[in-house]
Amino acid sequence: MSAPSPRPSIFSTISRLAHEHGAINLGQGFPDFAPDEGLVDRFVYHLRHSSNQYAPMAGVPALLQAIGSKIRRVQGVSVDPQTEVTVTSGATQGLWTAIQSIVGPGDEVLLFDPAYDSYAPAVESRGGVVTSINLVGPEFRIDWARFAERLKRPPKLVIINNPHNPTGTCLRHEDLIELESLLAPTETLLLSDEVYEHLVYDGREHLSVLRYPGLRRRALVTSSFGKTFHVTGWKVGYVVAPPELTQRFRQLHQFTVFTVNTPAQYAIADQLAEPAHYEGLPTFLAAKRDALARALSTSKFALLPSEGSYFVLADYSAVSDEEDGRFAERLIVEHGVATIPISGFYRDAPAGQRYVRLCFAKKEETLARGARRLLSC
């Protein structure tokens, strides 16, 4: 029996419509402003100094060491860069390869919906079975009693996302303690998608599963330099895992991309030596979040709190009773603004939710123009 064909990505669908109608794209998660000039200068420097051939399969040593140093600085834990860190061609490749290295035919993988839409296809392409627990707005918090009930038949893998896309929520210390406790008697593995690790706001601290020994021993953790350094097109990320899981990961990694953009790796390694950039991201992006909120404060849209990521959900129930996919299409066609309907992140979306996702990692003028168009709704 062949694996099911993945449904079209909601991001591809919305981006195509936005392009066709010349809409302002507040939906897809990419910045429309330039990255740090120093990072670009370092990339050019390494382009001109013979860093243009294959890098080592796991990553250039300078970047592996820099990742280890960053994790120690930010999370207060040590990892072995040689045996526990692998540089990937973006976080999505890291996620896909991690899932493929664990899941086999018939294996169950538990997701929390709404979820990033690459998880399920990676599972199903291996013959795995996806099950999910729905997070329901406006809180979008995990129901740990329900999770405990599902663990009576432990799945092969659980996938979490912190900070969470698309809801902007962050897991708290008590959440991770509960997860650690509930998984303790099982052999279930954990995939923690932490691509927005440096994008947390209002004095919050990002808590990686690497801090929790009972989670770390069973976890693969993914992150993205594209998100951290505003260079999503560079497609450089990384995966951290215990040595035995890293070995399994690399066995597949070597036959998918084998290696990752060499000058970009060196440039990012240089940039990580100056933590001021990623340490300043909460202030930089919270200002954009708040600017969008002010611009929409007189609209009929109600913005939910965004604790992390560069997304915020907008409740449009005072604007329309349409289902979110239809409403998002109408926003593009009639008002020239692209958003992402939250149902695109569910396998079976709860009835009655009226939310679309907005990305605030945009220039101030982009946010202002988009908000003015939304005010006309």
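In this chain, numbering begins with 1 at the start of the sequence shown.
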Under 4.5 Å between any side-chain heavy atoms of [X] and [Y], yes or no?
{"X": "Val319", "Y": "Phe327", "value": "yes"}
{"X": "Leu374", "Y": "Leu331", "value": "yes"}
{"X": "His335", "Y": "Ser376", "value": "yes"}
{"X": "Leu63", "Y": "Phe225", "value": "yes"}
{"X": "Ser224", "Y": "Thr222", "value": "no"}
{"X": "His277", "Y": "His230", "value": "yes"}
{"X": "Leu303", "Y": "Arg289", "value": "no"}
{"X": "Leu110", "Y": "Phe147", "value": "yes"}

Check whether any side-chain N or O of [X] sits under 3.5 Å from a backbone N or O of [Y] as a donor-acceptor pair, and report yes or no.
{"X": "Arg357", "Y": "Pro166", "value": "no"}
{"X": "Asn162", "Y": "Glu194", "value": "no"}
{"X": "Ser51", "Y": "Thr262", "value": "no"}
{"X": "Lys362", "Y": "Phe30", "value": "yes"}
{"X": "Asn161", "Y": "Pro163", "value": "yes"}
{"X": "Asp36", "Y": "Gly38", "value": "yes"}

Should [X] and [Y] count as an ion pair when the cut-off is N to O under 4.0 Å?
{"X": "Arg141", "Y": "Glu178", "value": "no"}
{"X": "Glu274", "Y": "Arg42", "value": "no"}
{"X": "Glu20", "Y": "Arg16", "value": "yes"}

Would you kindly say whether [X] and [Y] are connected by a side-chain donor-acceptor distance under 3.5 Å?
{"X": "Arg250", "Y": "Thr86", "result": "yes"}
{"X": "Ser15", "Y": "Gln28", "result": "yes"}
{"X": "Glu307", "Y": "His164", "result": "no"}
{"X": "Thr92", "Y": "Tyr116", "result": "yes"}
{"X": "Asn165", "Y": "Ser309", "result": "no"}

Are [X] and [Y] close enough that their ring centres sit under 6.0 Å apart?
{"X": "Trp234", "Y": "Phe229", "answer": "no"}
{"X": "Phe284", "Y": "Phe33", "answer": "yes"}
{"X": "Tyr45", "Y": "Tyr266", "answer": "no"}

Does a sphere of radius 6.0 Å around CD in Gln247 hold more than 12 heavy atoms from other residues, nucleotides or ligands, not counting ones at 6.0 Å or beyond? no

Q: For atom CD of Glu37, decide whether the heavy atoms of other residues, nucleotides or ligands shown that lie under 6.0 angstrom number more than 12.
A: no

Shared ILVMFWY cluster between [X] and [Y], side chains joined below 4.5 angstrom?
{"X": "Val200", "Y": "Leu285", "value": "no"}
{"X": "Leu252", "Y": "Tyr119", "value": "no"}
{"X": "Val77", "Y": "Leu179", "value": "yes"}

Next on the checklist: As a quick check of understanding, evaluate side chain to side chain contact (heavy atoms under 4.5 Å, CB included) for Thr167 and Leu135, giving each step before the final call.
Outcome noted: CA-CA 10 Å; Thr167 68; Leu135 309 180; 5.7 Å; no

When Tyr201, Phe360, Tyr196 are each screened for ring pair (Phe, Tyr, Trp, His ring centres under 6.0 Å) with Tyr310, the one that passes is Tyr196

